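Any value given below was found using the heavy atoms of this structure, including those in side chains, with hydrogens, waters and symmetry copies removed. Keep in mind the model is a prediction, meaning the values are calculated, not measured. So you know, we letter chains A, B, ... as the sequences are listed, proteins then strands, and number each from 1.
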Amino acid sequence: MGGEDKTTRSIHWFRKGLRVHDNPALVDACADATAVQPIFVLDPWFLTPSRVGANRVRFLLQSLTDLDASLRARGSSLLVLRGDPKAVVPAALRAWGCDRLTHEVDTEPYASARDAAVRDAAKRVGAEVKTFASHTLYDMERLLSKCPKGAPPTSYASFLKIAGSCGAVAKPAPPPPASMPGSPDGKSHVELVAMIEDVVSSAEVGVPTLEELGYPELPDDEGFPARGGETEGLDRLRRMLSRKTWIAEFQKPMTSPTSLWAVVGADGKTQKPANPFEAASKASKSKTVGAEAFLAPSTTALSPYLKFGCVSPRTFYHELKDVLNDAKGKHSAPPVSLEGQLLWREFYYLAAFGTPNYHKMEGNPICRQIPWTWDEERLAAWEEGRTGFPWIDACMHQLRQEGWLHHLARHAVACFLTRGDLFVHWEAGAKVFDRDLVDADPALNYGNWMWLSCSCFFYQYFRVYGPVSFGKKYDKDGTFIRKYLPVLKDMPAKYIYEPWTAPADVQKKAGCVIGVDYPPPIVDHAVASKECIEKLAVAYKAHKDGTNPLVGYKRKAGE
DNA sequence: GAAGGGTTGCACCT
DNA sequence: AGGTGCAACCCTTC
């Protein structure tokens, strides 16, 4: 476009997509450019403990540090700015004399509104904005254009047809130049931030510490037991893909929600930690495990890397396909296979992209209107892991400690909070997950909460997960409970899922007296689940009849 | 309108 | 380990 004498100076704006590989926007920033400045804009107002848990923030900060190192290896570097991106990005374009802004497409409502505002402001300062869809396998605009009446499918089979009509998944983009253009006029980070001092909230330019963001210290051997970043993510991806038989035979519903983080050797065989009651995370960054091993639950634990874009879904997809092709047709298939998991992610991204008010019940056209309660006592007991059901509470403690839960454990606690037992609004549970999960992703999170609460996608409300039976099926001895709920570590296996049934002397001997050391069950599951099913039946009938089940419904107490 | 299928329920049966 | 009854949902296809 530009004349021959025109020189291009670019800003590449990282948000998600925290990677160098398969980053078409970063490659474009470098094309015909004399200067490229990669930036990440931290909004300290948004990044606070009430919105984002410490585990996810640490994962983000580790990812930023890794990204900076990768960029430095190419002669560039990541400038981490503080402030409102809507003000910071346009100001930087103008102050640094940049005429091109590149970034990845982000389809979340908050992000797309923000990006639209930045796009307008960039135009006013004479910069072109170039965006690329690389966070998903397919371009959501294109997928949505294939949907009948512009409405995303609510069934997976229908989704597969639509995806199939969009052709092959695009190959990953080529890497950026081994030697990237330097900063504008060769200026340092400190000099660059000084030029926009009126719009940044701090003159700091590096990756912050947790403390700087108002979080308590999180020791290395606590929390989510894997480091964030592209380097770690690609390493994990390839080690997982090297377990070829495991990959080919993978069936998600067959994986266990009670498996502890275990050392996975280079041979691909999972080995149990020497002592399952030791915090397995201690081994994660230590040398004792060795450079050729890492920790994993019964699944890949790649979701946080996909959430932040440390690992490209397209890279994942194509490298996975190569492994499956080697298996010569003898492998599992969607929806249960690993490929199926990547496609579930697309399914939810499309639903979120094409559905107004996707994140809530009211005004959401795909969401069943159900008169959930906002019972604060029940919600707090669930959130804080003191429902009196050890399996449920252990899961909630794992969520708190690690920011992680197996998919089926998420099902168990989500069903319990909503349609299974407590009849509390799914939005309340989704908010907790949104804060605490390392891999929290609104499209997947809100979609799954609608699924589990029988608000959309899944409607067999009479299939209720048992807060006693479900965990027991996988872990008869309660090893998972003993790890995450140490108050019950000495309870005999016979009673560990229902400690209130243990005789008084057994409780005393185990050091866990019900009502003193651990609460009695918050509900009688047999009674509560029956009542929930009846309420769902009434709400479904009202939906069929076209009557409004929410007449007189109070969204929250006091409203 | 009926039939078939739906990533991942439970309890009880063989 | 695999099959069935439970009471019966929805969406898609025919």
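- Note: CD1 (A:I162) to P (C:dC11) measures 15 Å, nearest angstrom.
- Using a 4.0 Å heavy-atom criterion, one finds that A:F470 contacts the sugar-phosphate atoms exclusively.
- A close approach under 4.0 Å does not occur between any side-chain nitrogen or oxygen of A:K541 and OP1 or OP2 of C:dC9.
- The distance between atom NE2 of A:H411 and atom P of B:dG9, rounded to the nearest whole Å, is 9 Å.
- As a whole-Å value, the separation of A:W451 CH2 from C:dC9 P is 18 Å.
- Stretches of at least 3 consecutive Watson-Crick or G-U wobble pairs, with each checked distance under 3.5 Å, appear in DNA chain B as B:1-6 with C:9-14, B:9-14 with C:1-6.
- Between the CG atom of A:D545 and the P atom of C:dC9 there is a distance of 12 Å, given to the nearest Å.
- Atom CZ of A:F462 is separated from atom C1' of B:dG6 by 11 Å (rounded to the nearest Å).
- B:dG4 and C:dT4 are spaced 15 Å apart, taking the P atom of each and rounding to whole Å.
- Counting non-hydrogen atoms under 4.0 angstrom, A:G466 reaches the backbone sugars and phosphates but no base.
- Between A:S469 and B:dA11, a side-chain N or O to OP1/OP2 separation shorter than 4.0 Å is present.
- Within a 6.0 Å sphere centred on CD of A:E141, heavy atoms belonging to other residues, nucleotides or ligands number 12 at most.
- One interatomic measurement links the two molecules: OH of A:Y474 to P of B:dG9, which rounds to 8 Å at whole-angstrom precision.
- When each of B:dT8, B:dT7, C:dC9 is scored by its nearest atom to the side-chain atoms of A:Q341, the top-ranked nucleotide is B:dT7.
- Distances from the side chain of A:T154 to the nucleotides C:dC10, B:dT7, C:dC11 place C:dC11 closest.
- Atom P of B:dT7 sits at a distance of 25 Å from the matching atom of C:dC6, rounded to the whole Å.
- Distances were taken from every side-chain heavy atom of A:P253 (C-beta onward) to each of B:dT7, C:dT12, C:dC10; the shortest belongs to B:dT7.
- For the pair A:R410 and A:W404, the distance from NZ or CZ to the six-membered ring centre is under 6.0 Å and the angle to the ring normal is within 45 degrees.
- Regarding A:I533, its CD1 atom lies at a distance of 13 Å from the P atom of B:dG9, rounded to whole Å.
- Side-chain atoms of A:E346 come within 3.5 Å of backbone N or O of A:Y138 as a donor-acceptor pair.
- Aromatic ring pairs are classed by plane angle as parallel below 30°, tilted from 30° to 60° and perpendicular above 60°; the pair A:F250 and A:W246 is perpendicular.
- Between the side chains of A:S332 and A:Q251, no donor-acceptor pair is found at a separation under 3.5 Å.
- Between the C1' atoms of C:dA8 and B:dG6, the separation comes to 13 Å (whole Å).
- Side-chain atoms of A:Y484 and A:E402 include a donor-acceptor pair closer than 3.5 Å.
- No side-chain N or O of A:Y348 forms a donor-acceptor pair with one of A:D441 less than 3.5 Å apart.
- Using the six-membered ring where Trp is involved, A:F433 and A:W382 have ring planes that are parallel, under 30° apart on the 30 and 60° scheme.
- What separates OH of A:Y459 from C1' of C:dA7 is a distance of 19 Å, to the nearest Å.
- Remark: ring of A:Y461 does not overlap the six-membered base ring of C:dC9 in a stacked fashion, as centroids less than 5.5 Å apart with planes less than 30° apart are not both met.
- Between A:K161 and C:dT13 there is a side-chain polar atom (N or O) within less than 4.0 angstrom of OP1 or OP2.
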Can you tabulate the close N/O pairs, meaning under 3.5 Å, that link protein atoms to atoms of nucleotides 2-6 of chain C?
none

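- Residues A:H21 and A:S312 have side chains that never bring a donor and an acceptor to within less than 3.5 angstrom of each other.
- Checking C:dC9, B:dT7, B:dG9 against the side-chain heavy atoms of A:P335 singles out B:dT7 as nearest.
- Nucleic acid contact class of A:S158 (heavy atoms, under 4.0 Å, all strands): sugar-phosphate only.
- Using a distance-only test at 3.5 Å, with no hydrogens or angles considered, no donor-acceptor pair links the side chain of A:R386 to the main chain of A:I522.
- Crowding of A:K535 atom NZ: a count of heavy atoms from other residues, nucleotides or ligands under 6.0 Å exceeding 12.
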